[in-house]
Amino acid sequence: MADSPRRSWIVPLLVMVALVAMIALRGTSGAPSTPKTIPYSDLYADVTADKVAEIEIQADTIVAKMKGPEGKPGDTVIAERLPNVEDAALLAAMREHGVKVSGKTERASTWSTLLWGVLPFLVLPVLFWLGSGALLARGASGTAKPMSFGKSKAKLHDRSAENKCTFDDVAGVDEAKNELLEVVRFLAEPERYRRVGARVPKGVLLVGPPGTGKTLLAKAVAGESGVPFFSMSGSEFVEMFVGVGASRVRDLFEQAKERGPCIVFIDELDAIGKTRSGPTGFVSNEEREQTLNQLLVEMDGFDSGSGLVIMAATNRPEILDKALLRAGRFDRQVVVDRPDVRGRQAILEVHARKVKLGASVDLAVVAQRTPGMVGADLANVVNEAALASVRRGAEQVEMIDFEEAIDRLQLGLKKEKVVMSELEKRRVAFHEAGHAIVALSVAHADPVHRVTIIPRSVGALGATLQLPTEDRYLVTREELRDRLAVMFGGRAAEEVVFGDVSTGAENDLEQATRLARHMICRFGMSDALGAQTFGSASGLAFLSGAEGGERTHSDATAQRIDTEVTNLLEAAHGRARALLADRRRALESVARELLVKETLERDELEKLVGTREVKTNGKSVGALA
């Protein structure tokens, strides 16, 4: 459409011309000049004085043409008619002096009637035609089409340089990549599978928490196999008009079949694939159900040998309709889970390719400091570290920038303008030193990485950061007891030093209480109650009011659970207090240094308090001397 740019400016130009014409014609529909206005009494006097040649009586006014000198036409004047007053006297005077009288009814002109009544109906079709031409021009480039409610909004990434994503750009999800390699091989060499009669799954459902790289994996599959990639979100199918979503599903599959072999990727499948029965199916949505039904029909209607593979992603697989998950539709589910420490390091290496790293950067340590983070979080860590280096005015990203980025994301921004009193600052220093000393004293605690008393925006006045040496999948009872003791370290330090407690241990107590109750109710770690669980893990605690889910025990058992939880917490509290009372000198040493430096690293802590070797189950661990 070579004339599409011209039509883009013709539309507003035509509108402007029409508006100017309307204003001009309306302005010319009145009298050419404005006559002089005189009082009604003056007009009556002029008539009786034989100065008026002709009068035109209108609805609200009287227009009079005066006599000029030597029989020439004079000026025209206007007088307002008196309301509710008859003009009998004026008419009698006009008859007496031979004034020519006429009347006029106010009526719109033919041009005005044509302009305001007919012209809009002529202009609107022209504007619609020009607008349709502009949409057609855009439709040729794939961005929009007229009357395209039922057309698919899927974005097409073709074989060209638009989709350069490969498996080299995806890290930390090796198991998922291995599962998808079979799909890549099928799209690249379909004849190899057809010769032996193998059928590749029609649909592949990627399941995992947000940010783990499900969409990136789908793009990598398309990039590795070199086929077109249709991408669309589940929410883009559904509109307020019933039937639009189903029409878009049909159009999407028609486009995909024309370009096969290809991949159709539907992100956030749960937007249209929610179950139609059960607790989540109470509220009926006819448009969503029609869209889901059409998707089920389309997935049944194509042959997997055509090279069309359907991929979808969701982080809520439990609410999907069972018809979607049966064999022949999404018959393969690939779990894209949170990465372990090695996976996090691999992800950091991928995102760090575009960043200038300094010699001090150790991505293995960064991976250890970011447990639970997914790929999107780690990408944000790298970007925040780069921004921190720019704020420092540096040319490279150093380890200090990564530390600042992690603290910023986990603890919040530094509250540099917060001014605490000396007593509050001293109490915070002893509180954090208590956590650190207990963590360095027990056998199973994660190593202390850093202790700080710099306030952060999330409400923390200080923090003790521990660095796990490896990912743990099983935790013993002794290890959990050590964790409880570390949680009570801050409160116990305040008791030992100040003889009183503050509100600073609120979060510690909350975490400790939750962990102790899980040890008793979920892990069966109570000698008094035995190896059994209490409550279900069904997530219905908000309905039953019971801790850990639906209540499955008596009131007497609930009282015994409370007693066991209290005993467990009191034991951890007493243990932490005894450790700190025994190592009071080390506690004061760390607190004094914190008041000076505000932040202490692991090596600085070891210089202050030293380490000694402790034997636990035959294993040597470093502990506080």
Side-chain angles (χ1 to χ4, degrees), residues 337-344 364-365 367-373 434-449 464-492 505 507-537 547-549 552-553 557 560-580 582-583 602 605 611-625:
D337 207 350
R338 299 180 183 273
D340 56 14
V341 63
R342 292 181 295 274
R344 292 195 297 273
V365 175
Q368 291 176 349
R369 277 215 57 195
T370 53
M373 286 193 177
H435 284 303
I437 296 300
V438 175
L440 290 169
S441 300
V442 298
H444 302 290
D446 292 325
V448 178
H449 179 67
T464 300
L465 305 176
Q466 295 174 262
L467 191 66
T469 55
E470 59 185 3
D471 286 324
R472 302 293 302 276
Y473 302 100
L474 294 174
V475 187
T476 65
R477 177 163 52 182
E478 289 300 320
E479 291 170 341
L480 292 177
R481 285 177 174 172
D482 285 350
R483 289 186 185 180
L484 285 176
V486 174
M487 292 175 185
F488 277 103
R491 183 184 179 91
N507 187 51
D508 299 329
L509 297 177
E510 182 180 351
Q511 293 186 29
T513 304
R514 185 186 301 112
L515 176 57
R517 191 164 289 275
H518 273 76
M519 290 175 65
I520 302 302
C521 295
R522 304 305 310 156
F523 306 145
M525 293 182 176
S526 169
D527 294 332
L529 294 171
Q532 58 179 319
T533 62
F534 303 96
S536 67
E547 178 69 27
T552 59
H553 51 272
T557 303
R560 294 175 64 191
I561 291 173
D562 292 341
T563 302
E564 285 295 301
V565 171
T566 301
N567 292 339
L568 191 59
L569 294 173
E570 288 180 351
H573 185 195
R575 184 185 177 196
R577 189 164 48 195
L579 280 171
L580 293 175
D582 185 48
R583 295 168 173 82
R602 167 76 180 187
L605 286 172
T611 57
R612 62 183 174 86
E613 190 176 18
V614 176
K615 292 284 186 178
T616 303
N617 297 330
K619 178 182 177 182
S620 297
V621 296
L624 183 65

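Hydrogens, waters and symmetry mates play no part in the numbers below; they use all other heavy atoms, side chains included. Here the structure is a predicted model, which means the values were calculated and not measured.
Of the possible donor and acceptor atoms, none in the side chain of D482 sits under 3.5 Å from a partner among the backbone N and O of V442. D582 places no side-chain N or O within 3.5 Å of a backbone atom of A578 that could act as its donor or acceptor partner. R344 contributes a side-chain N or O that, together with a main-chain N or O of T370, makes up a donor-acceptor pair within less than 3.5 Å. No side-chain donor-acceptor contact under 3.5 Å links R369 to the backbone of L465.
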Could you please spell out the steps behind the side-chain contact (heavy atoms from CB on, under 4.5 Å) verdict for E564 and L529?
CA-CA 8 Å; E564 285 295 301; L529 294 171; 4.0 Å; yes
Let me see the working for I437 and L579 under side-chain contact (heavy atoms from CB on, under 4.5 Å), right down to the final yes or no.
CA-CA 8 Å; I437 296 300; L579 280 171; over 6 Å; no
Start with the C-alpha gap between N507 and M487, add the side-chain angles, then the distance that decides, and say whether side-chain contact (heavy atoms from CB on, under 4.5 Å) holds.
CA-CA 9 Å; N507 187 51; M487 292 175 185; over 6 Å; no
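The line from CG of L515 to CG of L484 is 4.5 Å long, rounded to the nearest 0.5 Å. The CD atom of Q368 sits 10.0 Å away from atom CG of D446, with the distance rounded to the nearest 0.5 Å. A distance of 10.0 Å separates CZ in R602 from CD in Q466, rounded to the nearest 0.5 Å. The structure places CZ of R522 at 5.0 Å from OG1 of T533, a figure rounded to the nearest 0.5 Å. The distance from atom OG1 of T563 to atom CG of L568, rounded to the nearest 0.5 Å, is 12.5 Å. Rounded to the nearest 0.5 Å, atoms CE (M525) and CG (L480) are 5.0 Å apart.
Between R483 and E479, no side-chain nitrogen of the basic residue sits less than 4.0 Å from a carboxylate oxygen of the acidic one, so the salt-bridge criterion is not met.
For the residue pair A576 and A485, the shortest heavy atom distance occurs at CB-O, 3.5 Å. Scanning both residues, F488 and L509, for their nearest heavy atoms gives CE2-CD2, 3.6 Å. Considering every non-hydrogen atom in both L580 and G489, the closest pair reads CD1-O, 3.3 Å. Among all heavy-atom pairs drawn from A445 and A439, the shortest one is CB-O, 3.5 Å. The two residues A528 and R560 make their nearest non-hydrogen contact at O-NH2, 3.1 Å. Shortest non-hydrogen contact noted between R338 and G372 is NH1-O, 2.8 Å.
H518 and F523 have tilted rings, their planes meeting at an angle from 30° to 60° on a 0 to 90° scale.
Two residues are said to be in side-chain contact when any heavy atoms from C-beta on lie closer than 4.5 Å; H449 and L605 fail this criterion.
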